[in-house]
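We number each residue from 1, following the sequence as shown. It should be emphasised that the depicted structure is a prediction, and the values quoted were computed from it without experimental measurement. The analysis underlying the following values was restricted to heavy atoms, covering all of them including side chains, and did not include hydrogens, waters or symmetry mates. In listed order, ligands and their atoms are each counted from 1.
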Amino acid sequence: MKVMSVFGTRPEAIKMAPLVRKLQEAPDVESVLCVTAQHREMLDQVLELFELVPDYDLNIMKPNQTLSMITANVIRGIEEVLVREKPDVVLVHGDTSTTFASALAAFYQQIPVGHVEAGLRTYDPYSPFPEEMNRVLTSDIAAMHFAPTERNRQNLLREGIRFEDIFVTGNTVIDALLEVAGKPYEFEDDALKNIDFASRRVITVTCHRRENLGEYMENIFTAIRDLADRFEDVEIVYPVHLNPKVREEAGRILGSRERIHLIDPLSYQPFVNLMAKSYFIITDSGGMQEEAPSLGKPVLVVRRETERPEAVEAGTVRLAGVERDHIYQIAESLLTDPAYYANMAEAVNPYGDGQASERILTALRNRF
Ligand code: UD1
Ligand code: UDP
């Protein structure tokens with residue numbers, strides 16, 4: 001069985017790394033890894049940590065790239081690789097433009113696609129944008145759907161996907177998380193080394209979504225600045241995404257302030273350790289909504305919706321919206337009301353047990 005895995009951004013790489021490693025170790029599998037490098041530095045951080053060396057690197061990233069640029073360059077770049085390698089199946093992950101464009105390119109070669117992290121939905125095509133459309137279109141193309149949860153399977157069944165093509169596996173992010181969180185680690189970053197995590201309450205922040213750019217991001221950052229101004233024992237740590245638009249806005253509102261640390265993106269191992277030592281998390285990231293429940297860390301999701309209701313139902317994640325006052329009030333409750341905090345800080349595992357990659361490999365073996 002020849003399996004080609006394709007990914008291009010940081011979260012896809014983290015979530016595909018455990019699976020690609022399994023494919024490489026399997027004696028009955030020929031594994032080919034193609035990265036689009038829709039992200040460059042943030043992808044390379046993950047490749048290095050998990051010791052993955054791509055067979056093909058399309059190196060498509062451009063500063064301030066548009067969606068059309070990513071999509072066109074991925075389709076064009078991957079065609080050649082597919083024609084040369086002729087894999088039995090192409091694995092894509094999640095909902096990025098790399099995901100959709102690679103799935104479409106594989107379809108053009110009539111090569112079956114396996115979709116890892118299938119079946120997440122908000123049912124709003126513009127939120128998250130363009131990810132909701134990317135995943136819906138990828139579901140239409142895919143021949144095998146690896147759904148993290150039972151709810152994801154139900155979403156796919158409602159869209160007419162056949163039961164026998166859906167495999168509920170858990171989310172591979174938990175495979176990655178458990179591997180990395182289990183290893184001893186000490187911070188190397190100067191800002192992190194100098195924080196006394198025992199006496200300070202650290203709030204980890206990330207924010208980067210396209211649909212939040214502009215007014216919403218300004219609201220989110222202002223609420224975070226308000227928190228730092230009001231609570232003197234709080235330290236904000238924000239590893240800022242390399243998107244120049246995000247960096248500019250973060251610097252403008254949160255820069256040069258005491259107890260707000262704007263740092264470069266962290267590699268996955270220091271980042272997991274930062275989450276584990278934090279009091280709580282404010283984010284618009286998808287992946288962190290899946291990781292935080294396993295770590296028992298409350299998460300305020302600064303978005304208008306979430307495709308991860310399992311984490312909300314489990315109690316760890318709260319949808320905080322994109323309005324300054326609302327975000328501030330929920331964060332204030334977490335900082336001032338111990339019972340409110342305790343309710344959200346219980347470790348639960350709605351996204352799996354760390355065996356998702358193994359289940360995906362088994363399903364592939366049975367099919368091919
Ligand atoms: C992309 C995905 C989004 C995912 C996110 C994870 C799409 C449309 N969006 O969004 O689903 O949640 O990645 O982070 O697929 N940049 C660098 N170096 C890097 C990475 C990014 O300089 O290593 C800069 C570049 O200027 C690039 C910009 O960030 O043009 C935006 O990157 P892009 O992949 O287009 O969008 P993201 O917002 O990162
Ligand atoms: N992450 C990381 N370093 C950072 C910030 C995040 O390794 O500085 C990890 C995080 O733990 C999660 C993933 O990157 O696994 C989330 O990626 P991102 O926020 O880029 O994308 P999203 O989850 O929103 O798709």
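- Heavy atoms of Pro130 found under 4.0 angstrom from ligand 1 belong exclusively to the side chain.
- By the criterion of a heavy-atom distance under 4.0 Å, neither the backbone nor the side chain of Pro265 is placed next to ligand 1.
- Under 4.0 angstrom from ligand 1, there are no non-hydrogen atoms of Ser285.
- Taking a heavy-atom cut-off of under 4.0 Å, ligand 2 is surrounded by Arg10, Pro11, Ile14, His208, Arg209, Pro239, Pro265, Leu266, Tyr268, Phe271, Met275, Ser285, Gly286, Gly287, Met288, Glu291.
- Glu150 has a carboxylate O that lies under 4.0 Å from a charged side-chain N of Arg153, or vice versa, which qualifies the two as a salt bridge.
- Residue Thr98 does not touch ligand 1, judged by heavy-atom distances below 4.0 Å.
- Counting only heavy atoms of the protein, atom 9 (N) of ligand 1 lies nearest to Glu131 OE2, 3.5 Å.
- Every atom of ligand 1 with a heavy atom of Leu67 under 4.0 Å away is listed here by number and element: 8 (C).
- Annotation: the span from Met16 atom CE to Asp175 atom CG amounts to 12.0 Å, rounded to 0.5 Å.
- Atom-to-atom distance recorded for Arg359:CZ and Leu19:CG is 13.0 Å, nearest 0.5 angstrom.
- Closest to atom 34 (O) of ligand 1 among all protein heavy atoms lies Gln38 NE2, 2.9 Å.
- Here the heavy atom of the protein found nearest to atom 32 (O) of ligand 1 is Gln65 NE2, 3.5 Å.
- In terms of protein heavy-atom proximity, atom 26 (O) of ligand 1 is closest to Asn64 N, 3.1 Å.
- Note on Glu249 versus Arg252: salt bridge recorded, some NZ/NE/NH1/NH2 to OD/OE distance being below 4.0 Å.
- Ion pairing between Arg209 and Glu131 holds under the 4.0 Å rule for side-chain N and carboxylate O.
- Ligand 1 has an N or O atom lying under 3.5 Å from an N or O atom of Arg40, backbone or side chain.
- For atom 16 (N) of ligand 1, the nearest non-hydrogen atom from the set Lys62, Met61, His241 belongs to Met61.
- The shortest N or O to N or O distance between Met42 and ligand 1 is below 3.5 Å.
- The proximity of Ile70 to ligand 1, defined as any non-hydrogen pair under 4.0 Å, is limited to the side chain.
- No N or O atom of Thr96 sits closer than 3.5 Å to an N or O atom of ligand 1.
- Distance check: Asn171 CG to Thr149 OG1 gives 9.0 Å after rounding to the nearest 0.5 Å.
- Taking a cutoff of 4.0 Å between a charged side-chain nitrogen and a carboxylate oxygen, Glu211 and Arg304 do not qualify as a salt bridge.
- Using a 4.0 angstrom heavy-atom cutoff, Lys245 does not count as in contact with ligand 1.
- Taking the centre of each ring, Tyr279 and Phe231 stay at or above the 6.0 Å mark.
- Of the polar atoms of Ser97, at least one N or O is found under 3.5 Å from an N or O of ligand 1, judged by distance alone.
- Taking the charged nitrogens against the carboxylate oxygens, Glu12 and Lys15 have no contact shorter than 4.0 Å, which rules out a salt bridge.
- Salt bridge annotation for Arg303-Asp284: absent, with no cationic side-chain nitrogen under 4.0 angstrom from a carboxylate oxygen.
- Residue His208 holds the heavy atom nearest to atom 12 (O) of ligand 1 of all those in His208, Arg135, Glu41.
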